[in-house]
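Chain A is the first sequence line, chain B the second, and so forth, proteins listed ahead of strands; every chain is numbered from 1.
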Protein chains: 2
Amino acid sequence: MKKRITIKDIAKELNVHHSTVSRALRNDPRVTQKTREMVLAYAREHEFQINMNAVMLRGKANNAIALIVPNINHNFFSDIISQLTNLAYKKGYVISVFQTNEKYQQEKEIINTIVQHNFAGVIVSIAKDTVKSDHFSVLRKFGIPLVFFDRVCEDIIAPKVRVNNFEITQQSTECLLERGFKRIAHFTGTQDINVFRDRDRGYRAALDKYNMEYRNSQIITDDFSMDLGKDIFTKLWDSPDRPDAIISSSVHLTLGILLQAKAYGIDIPKDLGIISFGTLLSSIIIQPSITSIEQPENEIAEIAFELLENMIIRDNQEDELIEREVKAKMLNGDSAR
Amino acid sequence: MKKRITIKDIAKELNVHHSTVSRALRNDPRVTQKTREMVLAYAREHEFQINMNAVMLRGKANNAIALIVPNINHNFFSDIISQLTNLAYKKGYVISVFQTNEKYQQEKEIINTIVQHNFAGVIVSIAKDTVKSDHFSVLRKFGIPLVFFDRVCEDIIAPKVRVNNFEITQQSTECLLERGFKRIAHFTGTQDINVFRDRDRGYRAALDKYNMEYRNSQIITDDFSMDLGKDIFTKLWDSPDRPDAIISSSVHLTLGILLQAKAYGIDIPKDLGIISFGTLLSSIIIQPSITSIEQPENEIAEIAFELLENMIIRDNQEDELIEREVKAKMLNGDSAR
DNA sequence: CTGTTAGCGCGTTCAA
DNA sequence: TTGAACGCGCTAACAG
């Protein structure tokens, strides 16, 4: 590690005290115009860069925000990351992104790292694996503001940004029912997570409303991958009680379904209705277009950031329950153009 | 900001010296079993978390690596981010992701932040906007290891991971020529960036080899968006010298092209051949499938990380020119299944 | 085995 | 207006 230039180095070189240099660099008014210019010139010339570790050790607030997501390379999350990064940049914050790979253990270690490095705040969407929530309490203990989005811990008091999963899934299911589908399967994730639980509740509410039942109704997958979607769909399709429609919680599962449907020569939507969460960018050019459920990623990012920034500025942890809900929308493939 | 518990607090409480606490926490052998256990128990109970700012101020190496990309929400980059984050995690590093939005100014400010926070190393793919490279020299000055991937600064001495853009674009163009296409347009990015420059050189090399010329050949876009792809294609298609094939540098441009082609009722690939960079996930279900050029994101991440880790471990900045090239592959849509 | 001391780089006293 | 001294939390060197 190269030795870096410090304010003391500058002070020695210019025959002033390092506290004077410190003041000059921060534009403290009680320093001569001349001295300041001398210091600034020297600093610029020698590319002085302040050591933030020293600054923060003295208690100055960090300007780094931690963002924790299960997967960086899912569009839903990468869109939110991108937007949050831009918002933060405008306000002088820096976002560090962490990926849990859906693992509780990694999530926990990440939280510790965040505490140890004095991050200013944390925005998180929890792992599928996360059923305990003890690791979040340490943030509260250390006074680090926390905001949940999308996938939340129900038993931790912190602001939460939710998507209207119940409502939109109910609506989507009803849409299929109204189009005459009778055996609708629901491909979704673990029921430990609010998002997938809410979606399944919405799905069942719609079935109940129409007095429908379907034996193979709920299919829970641990993983959202194209291959898994393909496999699950294949089994289901070849089973005695074949579905005539599917609601899918993930673009990747949907791609697997579509792929296999194509191999089987299944006519969509005649023989198989599909509604899928997630923006299937190319659904607009797929023949036939499928209906997708679009989530407002930018709005989620904006609200989450706003909530967190408020807490950071007011040096405050919320004790009341702040919940904000944003609305996903159904986008019919054929009307997308 | 809440006051956090420190080793001194623990020391006072247990009537030992804080240096003893420090040793106990780090499992220094020269501390009694009993003392250590006492300290560890107390620390665990009170959720002590070490203050990394203090540790780093003393000179200990940081375990945080900075990753700078133009856009987090492009699949090429988000795949690399995801993979890098996992590799880093296994080795005990943490990745912080920064987004330049293709702006030189942001890139520069990010570099300063990185220096100020003493990051252990930097992995970067530069912004389209970045024509100067002065801001990278500060990293060298401060002894922070640097690795470029994909989009590189030619005049900075640092390890570079490149994709065989020249070769693969030449090959793709020849592929189209051999299939009988004669007026092939090239949709690509600014020629200030090695990636797009290399692709265009490969494209032209193929044309030259076949003694072909095409007036509208090179179309440079500032931005890679679906809308722009659609607009540009529309203009081109309606021009007197209509293309019969396109090589596209971006999935988003390609989607725009496909969308408009569909609206025009253009038969692909009979009336319009298309080869596109980027994994068009759903190309496997698009009818007709289009040929894509797949880049080895995981391999890029692995090599970049390995190169950087070597420099970090050896506390070394490379003076020799390390260049590694990875190979993109053409993937024919119809053989993808 | 444990305590003492010093210092990492900076900002904030308090004094001059 | 500037300087001197101190301390943020931690670890290394040295002393006991």
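- Looking only at distances, a side-chain donor or acceptor of B:Gln99 sits under 3.5 Å from a matching main-chain atom of A:Ser82.
- The shortest distance between the side-chain N/O atoms of A:Arg26 and the OP1/OP2 oxygens of C:dT12 is below 4.0 Å.
- Judged by distance alone, with hydrogens and angles left aside, B:Arg23 brings a side-chain donor or acceptor within reach of the base of C:dG3, the pair sitting under 3.5 Å.
- Between A:Glu102 and A:Arg151, at least one side-chain N (NZ, or NE/NH1/NH2) sits under 4.0 Å from a carboxylate O, which counts as a salt bridge.
- Contact check on A:Asp28 versus A:Arg30 returns a salt bridge, with a Lys/Arg side-chain nitrogen under 4.0 Å from an Asp/Glu carboxylate oxygen.
- Ring orientation note: the planes of B:Tyr42 and B:His46 are close to parallel, at an angle under 30° on the 30°/60° scale.
- One atom, NZ of A:Lys8, and another, C1' of C:dA6, lie 11 Å apart when rounded to the nearest Å.
- Counting distance only, with no hydrogens placed and no angle test, the side-chain atoms of A:His18 and the base atoms of D:dT2 include no donor-acceptor pair under 3.5 Å.
- Nucleotide D:dC10 holds its C1' atom 13 Å from the CG atom of A:Asn118, rounded to whole Å.
- Atom CG of B:Leu25 and atom P of D:dC10 are 9 Å apart (whole Å).
- When the nearest nucleotides of DNA chain D are assigned to B:Asn53 and B:Arg30 by heavy-atom distance, the more 5′-ward of the two goes with B:Asn53.
- For residues 41-52 of chain A, proximity to DNA chain C is found at A:Phe48, A:Ile50, A:Asn51, defined as any non-hydrogen atom under 4.0 angstrom from a strand atom.
- The nearest whole Å value for the distance from the CD1 atom in A:Ile7 to the P atom in D:dA5 is 16 Å.
- Distance from the side chain of B:Val16 is smallest to C:dG3 among C:dT12, C:dG3, C:dT2.
- Distances shorter than 4.0 Å separate none of the side-chain N or O atoms of A:Thr6 from OP1 or OP2 on C:dC8.
- Under 4.0 angstrom from either OP1 or OP2 of C:dT4 there lies at least one side-chain N or O belonging to B:His17.
- Among the nucleotides D:dG9, C:dT12, C:dG3, the one closest to any side-chain atom of B:Ala54 is D:dG9.
- Aromatic rings of A:Phe136 and A:Phe148 (six-membered ring for Trp) have centroids within the 6.0 Å cut-off, being under it.
- The CG atom of B:Asp28 sits 10 Å away from the P atom of C:dC1 (whole-angstrom rounding).
- Side-chain atoms of B:Asn71 do not come within 3.5 Å of backbone N or O of B:Asn73 as any donor-acceptor pair.
- Residue A:Thr20 places at least one side-chain N or O closer than 4.0 Å to OP1 or OP2 of D:dG3.
- Here the C1' atom of nucleotide D:dG9 and the CG atom of A:Asn62 are 16 Å apart, to the nearest Å.
- Among B:Leu307, B:Ile65, B:Ile312, B:Val122, the one residue that satisfies the side-chain contact (heavy atoms from CB on, under 4.5 Å) test with B:Pro145 is B:Ile312.
- Mapped onto DNA chain C by nearest heavy atom, B:Leu57 and B:Val31 fall at different nucleotides, with B:Val31 at the one closer to the 5' end.
- Checking the phosphate oxygens (OP1, OP2) of D:dT1, no side-chain nitrogen or oxygen of A:Thr32 falls inside 4.0 Å.
- Using the six-membered ring where Trp is involved, A:Phe76 and A:Phe149 have ring planes that are tilted, between 30° and 60° apart.
- Straight-line distance from the NZ atom of A:Lys60 to the C1' atom of D:dG7: 18 Å, rounded to whole Å.
- For A:Met56 and D:dG9, the CE to P distance is 13 Å, given to the nearest whole Å.
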